[in-house]
**Q** 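First, the structure itself, so that you have it in front of you.
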Amino acid sequence: MSGERYNPREMEPRWQKVWDEAKSFVVRDDDAREKYYVLEMFPYPSGRIHMGHVRNYSMGDVVARYHRARGKNVLHPMGWDAFGMPAENAAMERKVHPGAWTRQNISAMREQLRSMGLSIDWTREIATCEPEYYQHQQALFIDFLEAGLVTRKKSKVNWDPVDMTVLANEQVIDGRGWRSGALVEQRELTQWFFKISDFAEDLLAGLDTLTDWPEKVRVMQRNWIGKSEGLRLQFEVVPNDKADASSIEVFTTRPDTIFGASFIALSPDHPLTAQLATNDPALAEFVAECRRQGTATEAIEKAEKKGYFTQIHVKHPVKPGATLPVYVANFVLMEYGSGAIFGCPAHDQRDLDFARKYDLAVIPVVLPPDADAANFAVGNEAYVDAGNIFNSGFLDGLSIDEAKKTAAAHFAALTIDGKPQGTVEVNYRLRDWGISRQRYWGAPIPIIHCEVCGTIPVPKKDLPVVLPEDVTFDQPGNPLDRHPTWKHVHCPQCGGAARRETDTMDTFVDSSWYFARFTAPEAATPTIPGVANAWLPVDQYIGGVEHAILHLLYSRFFTRAMKATGHVGIDEPFKGLFTQGMVTHETYKSPAGEWVAPAEVIIETLGEDRKALHLHSGEAITIGSIEKMSKSKKNVVDPDEIVGSYGADTARWFMLSDSPPERDVQWTEAGVEGASRFQQRIWRLVSETIEITKQSAHSVRESDDNEAKALRKAAHRAVHNVSQDIEGLRFNRAVAQIYELTNALVRASGIAAVAPSSRLAALEDGVARLIQLLAPMMPHLAETCWEALGKSGLVADALWPDVDPALLVDDSVTMPIQINGKRRAEIVVAKGTASADVEALVLSLDEIVRILDGNAPKKIVVVPDRIVNVVV
RNA sequence: GCGGGCGUGGUGGAAUGGUAGACACACAGGACUUAAAAUCCUGAGGGGGUAUCCCCGUGCGGGUUCGAGUCCCGCCGCCCGCACCA
């Protein structure tokens, strides 16, 4: 046996079949054991799995298998985020139905995932594109609608006039549609919205409870929600013959700087702007120009601050007799605050730029701590830091915070047009979530439009609203809209002719509650609340950081909305979140400047130098930078090929070793080979251990000698450390611990044949423990070894090895001796040796005596059982 | 601009304020082999000395401490996220 190499290609399918037949990973709701829910972000069925999936699911599987071994009832499901654009693109390009394309991809990718040997309960598999799933999403939509969490409103969208569809901001490139290349228009469409902004405060507050989330993600969400507290302030319009309005409302977070105000600016989309523009062609032209600028971030970034003076003025609210000019400015957003601002150029850079351009007053009202009031002036840089208010009448001398409160109180007490002049208000950057998409391949929004009764939800008994199969993609626009019959229905209320909503839901809706559906994937309702509440929240969620905001925020909103409608009883869906790094690879370029795939490159190593040659042509290839694996740069490695040649365990092991999981990992051929060699090394160790123990009769139970004891200690320490590292998701360190134990056992196996039986027993026990530590990471190899060692049952079902605490502590410790903080010697003493004894021992050491050279130490610091520092 | 993170050998990376470089990859030398692969052993941060040993060393400059990769202050560089948010 010891001569045979381990053959993953033979063993891996075998164990996968065994687990399958034993239903090892099928989980039951009525299991009394403690629950543990581990979930990796489910994949989009693009066609084939990539290395990012391998990394993601390897990590999740380690966590799942570890907690199973810890005796927990582990839910570890898998599904498909199966709606979306790529399926429609495939339909247009290849004339296949999006459903056929998607389902074919799902079965191909399911096979690939199965070949990885993941401990997934496949009986719970769901695909969001099936009516069995999306009918419940439609039910949720109706419940949300009835609970007032859904609204229908007009909103500006990017409209592609050629494809006749709405585009996301990311799909607008240089003002043109990414597919059609047509100039994108801004259109107002009536769309469905989830009222996520109703939960802004709650979503913000909830972040503080998510202590097992990366700080980075919490900060990103906090910024995205963008809370700011300020004052809504009325400015009285100086009577004129242009404007109908008698007052203008602005939002400000700096009411303390009101004495520094020098202008008012309206958004181009402000109602007053529109009204003024009807009698002012130049203003109308200015507004049109602003709109042309578009919403692309790039354009906004470069746009110059521009304004248009409306000829009207408002009264200065705190300087009797003074007025402020009213501009329309391109940088004021209608969507935020009230769509109008007051400008205080001295203390806001953007306002300052604007003031310099239009020659407006710059009045400093915050005095920096070290400046003096007589000379302080603002140049081309606004002063935005702390200081005391000056030049400001009743606010003089106050701090910024005090002045904000005083100003707010002042304006709250005054009235304009019968309303308070100032009202304290909290604003959020977070907008409601527009979910309407003019697409075929998504969940239909279950609404019927009736001329008589209005907008009527589809009665629940009529769900699902199923997508029609007979659709065409040979022309632009929404196939649902031009389908001959699908949208023509009767009104559920009056029975008259009516029209179906032809918009479908944003695919982010699909992924906002799938984790809940996994708890009862076949239920007749979206969830079974009792079951959902028993499983949720997800204890450990793992996925890419690219979902830090949208997916994770939407899921948090959905959970709250589902709670409000009685589907779950919790607020936060994901207790622990882990965001893993990307998989990268070197890039290669041919002399012609074309990207070359790693599979077509041969690397030659000469000493420290590396040279790349083309596999076929033999021409020199340039080795480029390390980049995220992507098709466009061709630096991808196909998981199938790796599994086929090295086995799934090797791929899994490599993905877990070396790099900390939150950082990017570089895929290298050498690294994979190292992982593969380690696999063989384990198999040799196991085979040799079996041989040795077979040959030597060690029926006599001897007490452990020092070697045996050291071996046992190494094994128990490894179990302890690996456990902690897996729980902390420090897989790279767990791997290093396993290497260390392996090294110790391999060393011991060399001498065990001639050694006392106690060492053989320790070796056998250590190898068994090693295999168990390995089982979450290389499950197939571990099963093979477990079986070879003659252990009963599956290692996948075995309980995690226990740790004898007595074996974690040493009776003696090595203490380094420092002289002035530099290590000069070390001593081995019994654990717990008194400081005075240690001190005496140190001073008697030859090396120390020599280094001290007759000088008396100034001070000796003894940290018991740790270190000694002699200060000279 | 704002926010977050990072900076350690040839490389990926270890290191509760306590022996910097665990573990791995790559490399070099040796053993085995007709040979290669595989395997095993040995070496290795840099500099100096035949050796015992000495000096320097965690992006840079300060500080706190008996002791700093780790904590504090100020720089430099890189990465990520957000960005006309009033």
Side-chain angles (χ1 to χ4, degrees), chain A residues 5 214-224 226-228 230-231 233 250-254 257 265 267 293 297 299-305 329-333 335-344 348-351 353-354 384 427-430 545-546 548-549 581 605-610 654 657-660 662-666 668-675 677-678 680-681 684 730 732-743 746 750 814-826 847 850 857-863 865-872:
Chain A
R5 286 172 64 79
E215 183 57 23
K216 173 187 173 142
V217 174
R218 294 202 286 166
V219 168
M220 282 165 75
Q221 293 215 352
R222 210 168 277 134
N223 292 342
W224 188 261
K227 179 178 182 173
S228 65
L231 196 67
L233 188 57
V250 307
F251 176 71
T252 178
T253 55
R254 295 294 303 271
T257 63
S267 164
Q293 246 178 23
T297 29
I300 291 168
E301 211 172 309
K302 290 181 194 149
E304 204 185 340
K305 314 273 167 284
N330 64 347
F331 59 86
V332 181
L333 306 172
E335 296 82 23
Y336 189 80
S338 65
I341 62 161
F342 84 75
C344 175
D348 182 292
Q349 190 59 46
R350 194 195 41 202
D351 292 348
D353 294 345
F354 191 81
V384 295
N427 256 298
Y428 299 91
R429 211 183 73 101
L430 183 67
V545 74
E546 66 273 20
I549 296 176
T605 319
L606 290 162
E608 307 250 301
D609 285 340
R610 296 171 72 245
F654 178 56
S657 350
D658 291 348
S659 291
E662 68 278 10
R663 275 194 227 173
D664 290 355
V665 64
Q666 191 193 343
T668 62
E669 195 63 16
V672 184
E673 270 165 16
R677 278 201 300 273
F678 176 70
Q680 297 297 343
R681 190 162 187 241
R684 270 198 313 278
R730 296 179 295 264
N732 57 319
R733 294 214 316 205
V735 164
Q737 296 288 345
I738 291 174
Y739 272 119
E740 248 173 292
L741 176 59
T742 307
N743 291 342
V746 167
T814 304
M815 294 176 76
I817 318 289
Q818 297 179 331
I819 307 286
N820 290 339
K822 276 188 187 172
R823 197 194 80 97
R824 295 295 158 159
E826 60 182 40
E847 294 130 290
R850 182 176 59 74
K858 262 192 213 147
K859 185 176 176 184
I860 301 181
V861 181
V862 179
V863 184
D865 296 339
R866 294 217 89 135
I867 200 164
V868 181
N869 194 12
V870 181
V871 187
V872 188

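Every chain is numbered from 1, with letters handed out A, B, ... down the list of sequences.
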**Q** Of the listed nucleotides (rU19(B), rG13(B), rC85(B)), which one gets closest to any side-chain atom of Arg823(A)?
**A** rU19(B)
**Q** Any idea which of rA22(B), rC25(B), rA20(B) is nearest the Arg677(A) side chain?
**A** rC25(B)
**Q** Reckon Tyr739(A) touches a base, only the sugar-phosphate, or nothing at all at heavy-atom distances under 4.0 Å?
**A** sugar-phosphate
**Q** Over all strands shown, is Asn732(A) touching base, sugar-phosphate only, or nothing at heavy-atom distances under 4.0 angstrom?
**A** sugar-phosphate
**Q** Give Val219(A) one of three labels, base, sugar-phosphate or nothing, depending on what nucleic acid heavy atoms sit under 4.0 Å from its own.
**A** sugar-phosphate
**Q** Closest approach to the side chain of Arg429(A), judged atom by atom: which nucleotide of rC82(B), rG13(B), rA24(B) is it?
**A** rC82(B)
**Q** Taking the side chain of Thr252(A) as its heavy atoms from C-beta onward, which of rC25(B), rA86(B), rC66(B) lies nearest to it?
**A** rA86(B)
**Q** Heavy atoms under 4.0 Å, any strand shown: does Arg730(A) hit a base, just sugar-phosphate, or nothing?
**A** nothing
**Q** In the strands shown, is rC6(B) matched to any nucleotide by a Watson-Crick or G-U wobble pair with both distances under 3.5 Å, and which?
**A** rG77(B)
**Q** Test your reading of the model: is there a side-chain donor-acceptor pair from Ser267(A) to the backbone of Val332(A), 3.5 Å cut-off?
**A** yes
**Q** Dump the intermediate steps for side-chain contact (heavy atoms from CB on, under 4.5 Å) on Ile341(A) and Tyr336(A), then the final yes or no.
**A** CA-CA 10 Å; Ile341(A) 62 161; Tyr336(A) 189 80; over 6 Å; no
**Q** By nearest nucleotide on RNA chain B, pick out whichever of Val735(A) and Trp224(A) is the more 5' one.
**A** Val735(A)
**Q** Kindly point out which of rG12(B), rG81(B), rA86(B) is positioned nearest to the side chain of Asp658(A)?
**A** rG12(B)
**Q** Measure across Ala548(A) and Met220(A) and return the closest heavy-atom pair with its distance rounded to 0.1 Å.
**A** CB-CE, 3.7 Å
**Q** Roughly how far apart, to the nearest Å, are rC71(B) and rA14(B) at atom P?
**A** 15 Å
**Q** For Gly674(A) and for Asn820(A), find the nucleotide of RNA chain B with the closest heavy atom, then tell me which residue's nucleotide is more 5'.
**A** Gly674(A)
**Q** Measure CZ/Arg222(A) against P/rG5(B) and give the value in whole Å, please.
**A** 12 Å
**Q** Give the nucleotide from the list rA14(B), rU19(B), rC40(B) with an atom nearest to the side chain of Pro816(A).
**A** rU19(B)
**Q** I need the minimum non-hydrogen distance between Glu826(A) and Pro816(A), along with the two atoms involved.
**A** CB-CA, 4.0 Å
**Q** Do Asp348(A) and Phe354(A) make a side-chain contact, defined as non-hydrogen atoms from C-beta onward lying under 4.5 Å apart?
**A** no
**Q** With C1' as the reference atom in both, quote the distance from rA26(B) to rG10(B) in angstrom, rounded to an integer.
**A** 8 Å
**Q** Would you find a donor on one side and an acceptor on the other, under 3.5 Å apart, between the side chain of Asn427(A) and the backbone of Ser228(A)?
**A** no
**Q** If you define the side chain from C-beta out and look only at heavy atoms, does anything of Asn820(A) sit under 4.5 Å from Val871(A)?
**A** yes
**Q** Applying a 3.5 Å limit to both distances, which nucleotide forms a Watson-Crick or G-U wobble pair with rA31(B)?
**A** rU39(B)
**Q** Take atom C1' in rA86(B) and the same atom in rC78(B), then report the distance between them in whole Å.
**A** 33 Å
**Q** rG9(B): syn or anti, with syn meaning chi within 90° of zero?
**A** syn
**Q** Which part of the nucleic acid does Lys822(A) contact within heavy-atom distance under 4.0 Å: base, sugar-phosphate only, or nothing?
**A** sugar-phosphate
**Q** To the side chain of Arg684(A), which of rG67(B), rG12(B), rC40(B) is closest?
**A** rC40(B)
**Q** If only side-chain N and O atoms of Arg663(A) are considered, is one of them under 4.0 Å from the OP1 or OP2 phosphate oxygen of rG13(B)?
**A** yes
**Q** Sticking with atom P, work out how far rG13(B) lies from rG3(B), rounded to a whole angstrom.
**A** 27 Å
**Q** Expressed in angstrom and rounded to an integer, what is the separation of Glu662(A) atom CD from rG5(B) atom C1'?
**A** 11 Å
**Q** With respect to the side chain of Val863(A), which nucleotide from rG12(B), rG18(B), rC23(B) is positioned closest?
**A** rG18(B)
**Q** What is the distance from CD of Gln818(A) to P of rU65(B), rounded to the nearest Å?
**A** 17 Å
**Q** What integer distance in Å separates Lys859(A):NZ from rG18(B):P?
**A** 17 Å
**Q** With heavy atoms under 4.0 Å as the rule, sort Val332(A) into base, sugar-phosphate or nothing.
**A** base
**Q** Identify the two heavy atoms, one from Val863(A) and one from Met815(A), that lie closest to each other, and give their separation to 0.1 Å.
**A** O-CE, 3.6 Å
**Q** Between rC66(B), rA14(B), rG81(B), which one does the side chain of Asn869(A) approach most closely?
**A** rC66(B)
**Q** Pairing check on rG1(B): which nucleotide meets the Watson-Crick or G-U wobble criteria with it, both distances under 3.5 Å?
**A** rC82(B)
**Q** In terms of side-chain heavy atoms of Asn743(A), which of rA86(B), rG18(B), rC23(B) is nearest?
**A** rC23(B)
**Q** Between rA68(B) and rG57(B), how far is it from one P atom to the other, in whole Å?
**A** 12 Å
**Q** Which one is paired to rC71(B), where only Watson-Crick or G-U wobble pairs with both distances under 3.5 angstrom count?
**A** rG63(B)
**Q** In whole Å, I'd like the distance from the CD atom of Gln349(A) to the C1' atom of rC84(B).
**A** 12 Å
**Q** For rA24(B), which nucleotide in any strand shown is its Watson-Crick or wobble partner with both distances under 3.5 Å?
**A** rU11(B)
**Q** Within this structure, what is the CG-to-P distance between Asp664(A) and rG5(B), rounded to whole angstrom?
**A** 17 Å
**Q** Does the side chain of Arg218(A) get closer than 4.0 angstrom to OP1 or OP2 of rG4(B) through an N or O atom?
**A** no
**Q** Taking rC32(B) as the reference, what is the distance to rA38(B) when you measure between their C1' atoms (whole Å, please)?
**A** 11 Å
**Q** Using whole Å, report how far CD of Gln737(A) lies from P of rG13(B).
**A** 18 Å
**Q** For Glu740(A), which contact category applies under a 4.0 Å heavy-atom criterion: base, sugar-phosphate, or nothing?
**A** sugar-phosphate
**Q** Minimum heavy-atom separation for Arg429(A) and Trp224(A), please, with both atom names.
**A** NH2-CE3, 2.9 Å
**Q** What is the distance from CZ of Arg5(A) to C1' of rA38(B), rounded to the nearest Å?
**A** 7 Å
**Q** P atom, rG69(B) versus rU8(B): distance in rounded Å?
**A** 15 Å
**Q** For atom P, what is the distance between rC40(B) and rC25(B), given to the nearest Å?
**A** 11 Å
